[in-house]
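Here the structure comes first, spelled out in structure tokens, and everything after it is commentary.
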Amino acid sequence: MRDVDAAVIAAGGPPAPRRVGRGSRLRRLVGTPTQIVVWTILAVLVLAAVAAPLIAPFDPYTQDLRNTLQPPGSGHLLGTDNFGRDQFSRLLFALRSSLFIGVMTTLGVAAVGIPFGLVAGYARGAVDVVVSRMIDVGLALPALVLALGLIAALGAGIRSTIIALIAGYSAYLARIVRSVVLQIRQEEYVESARVTGVPPWRIAIRHVVPNVVGATLVQLTLVFAFAVVGEAGLSFVGLGVQLPTASLGNLLAEGSGYTLQSPMLAVAPGLTIVILLIALLTAGDGIREATDPRRNS
Amino acid sequence: MAEQLSRDDAGTARAGSRRPVWRPPGWVRALGSSLAQAFVVAMGATFVVFIVMRLIPGDPARILAGPGGSVTAEQVERTRRELGLDQPLLVQYWDWVTAALRGDFGNSLVLNDRVSDLLGDRLVVTAQLSFYAFLVAVVIGLPASLLAARWQGAAADKIARLVGTTGIAVPSFWLALLLIIAFQGVLPTFGYVPAGRELADHLAHMFLPALALGTGLATLVFETNRAGMIDTLGSDYIRTSRAFGVSEWRIFSRYAMRNAFLPTMTIMAIQVGTLMGGALLVENAFALPGMGRLVVQGVLSRDYPVVQACIFVIVVVFVVVNLLTDLLYAVVDPRIRRSRA
């Protein structure tokens, strides 16, 4: 649940503004061996989540009380949990719910954060002051803490988790978008466009929007990562996705009770989170590189 | 104010008698704007918390008036008046904030106890855990960043980036579970011992939780401070100092470290809220009797005075720490301290 500036640093500093470039972005995006590996991992995880009902060897919710807490191997790839349920199948379904929450949260944060950021960056005077203060207020409420409050109001569950995480991370994205807009406004070519009488809407479409899209994409990969950790944290203490529905956080919570007998129950879902997050963050790095103006010329 | 002064300035100049006009020094103005901003943010954030808590379904007056069907409508109305719940929302908010600042958070809806009594000891545990985690971050992160800045290069860059990414990717509550698995039987993995009773035992119980919570921040300190050091070491005035024969050690320890530490300090201050949020989760993993347990129970039972109080405390700590950082910045940074415009 690290946020804001951790993220900016992880993404390699504030996003660089870029001019609209030509050439194969896709080739640059997956041009390095690291990026090929990373995007392959992401593709495998997404496929596994989507196809979970087809590829899971067992039903994730069927209990088998004669075979509880089995070690990995023994007919069950990752062993069984305290109810004898197949851990590997549960992990696949957990990935499914966690990725769903990640996608919905990311879309929601984009829908809230981008407009607020654009308005704060573009407007002058009172509007800028008010929206910027709103963003400050949002940043003063740590995402997880605000999420706790919202879940108290809405009740725990997948829907509340998504709403709470959207509320928690929108201010973060808004602040980044605002700073990108401010940065671009000061660029010489935007200045000269303004001076030569190019109308504001044209400047917005030609220069500001393309630049904001590049920088925002990078940040959205981070928001996705935060959402996955956020779900895990909330579910870990029983306030996110409700049992018996499997999610990465729920699996961690259940596994935390059996660290002595079956450490794999807590290790496997955590490791999945870490792999997913490292892949997302590195993919974000790749997007940033691919949209970097210095590599355009 | 500034405008007013400069207009006066112009006026006196025209009149011919040039009297020096007093202008507040840079740090006073920095102090003023920091205070004002902190105030606005604190009010805004606590207001958001207040409104969110009002979204909780159910009538608090009815719940507090007594159990089940035994209460009459008149009793509910009387409770409502007593609690001020019939007042306009802004009045209620003001009453709540002013009471909260005096340490009065009202009564729990569920636990039949004053919230301030419930918070008391638990707040101490959470504060201790956060403080130790901070220590872990500084003790690991700072020296590592200095070493990394000393030995720069492509490989060092790669390692630094890897450390930074991993630091974000490993959630503190999962690290907590890993530490519990690894150190079961070696170090205490659950429970709490007050510092006053047996200090060594207290520290032993806090060691793993602090490590779990502080490692993420340590990687962040490492990344930020390393970047700051490398940036400063490459700047013009350092090159000039070198040309003037200032010793390499002095450049490193006096000039670069001091300049690089300011941004690191800011990042650490911004992370305070996140750190306390993480503390709530880590406490649950190690069965520490801190605010984490209380707030989770409060959320589950929709005990809004408890949740409200916990969030209030975290927001106030966040705002105060960031205000202090701003002030420290204004005092330490000569550009702000001496500026007059």
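Below, each value reflects all heavy atoms present in this structure, side chains not excepted, and no hydrogens, waters or symmetry copies. In this text the structure is predicted, and so the values were computed from the model without any measurement. In what follows, chains are A, B, ... by sequence order, proteins preceding strands, each numbered from 1.
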With a 4.5 Å heavy-atom cut-off, do [X] and [Y] have their side chains touching?
X: W174(B); Y: L271(A); result: yes
X: V40(B); Y: D136(A); result: no
X: L144(A); Y: L281(B); result: yes
X: F173(B); Y: V229(A); result: yes
X: L146(A); Y: V48(B); result: yes

Which heavy-atom pair separates [X] from [Y] by the least distance, and what is that distance?
X: G277(B); Y: V145(A); value: CA-CG2, 4.0 Å
X: P171(B); Y: I273(A); value: CG-CG2, 4.1 Å
X: V274(A); Y: A169(B); value: CG2-O, 3.5 Å
X: G238(A); Y: L300(B); value: O-CD2, 3.9 Å
X: A152(A); Y: M53(B); value: CB-CE, 4.5 Å

Mind checking the [atom1]-[atom2] spacing from [X] to [Y]? Nearest 0.5 Å is all I need.
X: L277(A); Y: T165(B); atom1: CG; atom2: OG1; result: 10.0 Å
X: I314(B); Y: L148(A); atom1: CD1; atom2: CG; result: 8.0 Å
X: R302(B); Y: I151(A); atom1: CZ; atom2: CD1; result: 10.5 Å
X: I311(B); Y: L141(A); atom1: CD1; atom2: CG; result: 7.5 Å

If you count heavy-atom pairs under 4.5 Å with chain B, which of G155(A), A156(A), A225(A) comes out on top?
G155(A)
Let me know if [X] has heavy atoms under 4.5 Å from chain B in its side chain, its backbone, both or neither.
X: A232(A); value: both
X: A266(A); value: both
X: A140(A); value: both
X: L252(A); value: both

One option among V49(B), V272(B), L178(B), V296(B) has the most heavy-atom pairs under 4.5 Å with chain A, and it is V296(B)
Could you tell me which portion of [X] (side chain, backbone, both or neither) has an atom closer than 4.5 angstrom to a non-hydrogen atom of chain A?
X: Q37(B); result: side chain
X: A285(B); result: both
X: V41(B); result: both

Atom CZ of residue position F312(B) - does it have more than 12 heavy atoms of other residues, nucleotides or ligands inside 6.0 Å?
yes
